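Here is the structure we will look at.
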2 protein chains.
Amino acid sequence: MASMAAIFTKTPSNPNISLPKLSKTRFGSSNIIPFSTRNSNPRVRTQLRLQVASQLISPDGGNLVELVVDESLKREKKREAIELPKIKLTKIDLQWIHILSEGWASPLSGFMKENEFLQTLHFNSLRLDDGSFVNMSVPIVLAIDDLVKDQIGESRRVALFDPARDEPVAILNDIQIYKHNKEERVARTWGTTAPGLPYVEETIANAGDWLIGGDLEVLEPIKFNDGLDRFRLSPAQLRKEFLSRDADAVFAFQLRNPVHNGHALLMTDTRRRLLEMGYKNPILLLNPLGGFTKADDVPLHWRMKQHEKVLEDGVLDPETTVVSIFPSPMHYAGPTEVQWHAKARINAGANFYIVGRDPAGMGHPVEKRDLYDADHGKKVLSMAPGLERLNILPFKVAAYDKTQGKMAFFDPSRPQDFQFISGTKMRTLAKNKENPPNGFMCPGGWKVLVEYYDSVASSDNDKIPQAATTAAAVAV
Amino acid sequence: MASMAAIFTKTPSNPNISLPKLSKTRFGSSNIIPFSTRNSNPRVRTQLRLQVASQLISPDGGNLVELVVDESLKREKKREAIELPKIKLTKIDLQWIHILSEGWASPLSGFMKENEFLQTLHFNSLRLDDGSFVNMSVPIVLAIDDLVKDQIGESRRVALFDPARDEPVAILNDIQIYKHNKEERVARTWGTTAPGLPYVEETIANAGDWLIGGDLEVLEPIKFNDGLDRFRLSPAQLRKEFLSRDADAVFAFQLRNPVHNGHALLMTDTRRRLLEMGYKNPILLLNPLGGFTKADDVPLHWRMKQHEKVLEDGVLDPETTVVSIFPSPMHYAGPTEVQWHAKARINAGANFYIVGRDPAGMGHPVEKRDLYDADHGKKVLSMAPGLERLNILPFKVAAYDKTQGKMAFFDPSRPQDFQFISGTKMRTLAKNKENPPNGFMCPGGWKVLVEYYDSVASSDNDKIPQAATTAAAVAV
């Protein structure tokens, strides 16, 4: 998998090139990116670089938030934590601590207090002290029940404990406890309160009636020890990587599905378009979502295997591609969530964001229709407060062109020549160990998918996860 | 009722006085308020005034939108309208046309197109061409069904017809038809999809599956011919009135209930505070909501009668008070709707807005609790995009002080001395022709209330409208 973030350094491109929509990016002292060496990845060049005015987009709020305490303080903070009222985290709480600790949600410095929660629900954005807005569309909150609230009492700090081990992972300071109106949270985030929303069922339905916000001190970098931690590059590490490659544009591609040649076409086509726009070295951030996903999505480690094959097979160019895990849990909240996906990538250094049909969408959990209008995601994204600096690239529909025997952009003048291969179709083929049309996916990648469904079938007594009810030409 | 908008002109106060938060108000050419003389109210001074740099807050978007066609074009436009595909309006659609036509929703120039609808649902605000935001929290949309959509066909314009008479009232130009996802609209606007929301039941549940947006040309000023039109001052007329009174601050009080002495205390206390802040002539805009309300609210004409008595009894000073109807329908959408109530008053010239406990709230239609957290309204209002120029005045809780025999601000050090008289309690007393504690409401105003409930009881075979499940110290 080493090729996934292979290092490729070119002669620095002209930093004064005229770049569309980069005029709003602030340069100067407030834009110096505080690179952390804490989590430094051995594959990332560590030699000193001259800090020239960076071409990378500045993080939301001007500085990348990093919440892991200094190594020298770790022992002391752990001792403090043991003495504090204790909150036992869920697995998904821990995923959010990971997100917060690395600054994907900059400028958030911890779980939301009520003012941030309300702004998120009502405005999908947070107002900064200078009057400007940053985008923030999904609540990043920590729920507690009455009992835990009582145990906290008058304390101003609490310790957050790992769900698996009896170990503190963080301290939450200057806490605020406020009511968790679940119905309102769900309605305003998903635009429905229908039963069966995966994230709601998993994390909200049975959660406590209180939310606790505060400032996080994370005791050490969050690791999952699943063999994939090396692919969990933080925004600081990603920015360092992009700079080391002399990227003058970074375009992010969010996905939670196996990569097929339609995706690859979009990514290579985007790079071509960026080169045409005058960029010298656009770098692709292929950033699969690594947190909670619903039961019928392909699990992360199988997807990472599949992505590896795609790079090995040369479908994507390792020299201009960084594959790294985006550690967020998935909400399946459509137009609301796609803003979060985009905003987090600004913090990771991306100034271009590829958005597809029905991003972060799913079938309505009760009715026989898509939950969201397939076009709303890109429309909402293009109008969202706080995302003005991000260039949104809506992508063209790709489908299997039977005349060429490969994935191609759909040509509405000859619809009969195209075959749309939905997620459902793809899963059915893989499950039955059939091959998709030649050119749909690289053979190595397809093999991984077949293996995955094989493993599910054998481990699960032939029960295949239920296929999603909706079909997209290109599901991302 | 002439005293309700009695004219009182003082020597002009110093226009250069230092005013809190007015620094953001733009002066100069973009701030010239296009006063209309179309709807001119005979009670409003019509002599020419020197257009000095106004102290009034500028309307959202810089100019007050007015959508009634010039008198000279009326006949021609009517002829055009007759030839166009026809949409029959509901009573509430007509209320929105009234709102739009007078610029309460400036800079909206008609029913929302999809981009405006989506921004309203997701961001409670609209982005202007210059990148700034105006607040817009409730969708102002027109629903049509499949049949009407088919009838419209390829036409770019439609005529909107009065529900009562077979007469066109407006033309909608440059139309856009898009899907009306009712569930999503309701969830994002109300934060619940529970059955029994009054506005939803009345206007959305049985509405068509399409929304039609476009630019309005209203054929003549909307009149309701209910004896109250003279109290329906437009934002332009209100601004003229405030200027004629040399107002240097305008504070708006939104209400949909009878005025009791707790309200009066708040209003007079607000004026006192504004005078202390250095304003020379703060004018109160007492602006009762006049559109759709739920069945158990006191109807508009009874409320206006009651307000008249309150002024006659000298509870409020007619010289510094303008009573005028705010013609919007009521959503009962709490923190979402209070933004609309505030934003519309900016357009009417108010730069201060009084906000109470649980504004625009109601009991949850299904569960035994308030639908909204009572504090969220003022919190959301204070953070809302596009309302930065408006000074929000959260009000202190007023209750009946038994030791003083009058309404007073609640003193938490002696709770036993105070009696909270809820809306339910007030209704029960009035229904039973009992008197409230002396000093709760002026006798003339109380008499009107008793008469109203008497009329309901006799006309409705003794069935009193069901009391709301929630009680507020001061319901506005």
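For clarity, every value in this text was computed on a predicted model and none was experimentally measured. So you know, we letter chains A, B, ... as the sequences are listed, proteins then strands, and number each from 1.
- Both the backbone and the side chain of Arg188(B) come within contact range of chain A, each with at least one heavy atom under 4.5 Å from a heavy atom of that chain.
- Nearest heavy atom pair, residue Ala384(B) against residue Phe123(A), reads CA-CZ, 3.4 Å.
- With a threshold of 4.5 angstrom between heavy atoms, Thr189(A) approaches chain B through N, CA, C or O but not through any side-chain atom.
- Ranked by heavy-atom pairs shorter than 4.5 Å toward chain B, the options Glu183(A), Gln119(A), Glu184(A) are led by Glu183(A).
- Heavy-atom contacts from other residues, nucleotides or ligands closer than 6.0 Å to CG of Asn206(A) number 12 or fewer.
- In this structure, His376(A) NE2 and Phe117(B) CZ are separated by 7.5 Å, a value rounded to the nearest 0.5 Å.
- Residue-environment remark: CG (Asp129(A)) stays at or below the threshold of 12 foreign heavy atoms within 6.0 Å.
- Asn181(A) touches chain B through its side chain: at least one heavy atom from C-beta onward sits under 4.5 Å away, while N, CA, C and O do not.
- Here the OG1-CG distance, from Thr336(A) to Leu121(B), works out to 9.5 Å after rounding to the nearest 0.5 Å.
- Once rounded to the nearest 0.5 Å, the distance linking OG of Ser382(A) with CG of Leu118(B) reads 9.0 Å.
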Starting from the C-alpha separation in whole Å, work towards a yes-or-no answer on side-chain contact (heavy atoms from CB on, under 4.5 Å) for Met383(A) and His122(B). CA-CA 10 Å; Met383(A) 300 187 289; His122(B) 288 275; over 6 Å; no
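- By number of non-hydrogen pairs under 4.5 angstrom with chain B, the leading residue of Thr193(A), Thr192(A), Leu126(A) is Thr192(A).
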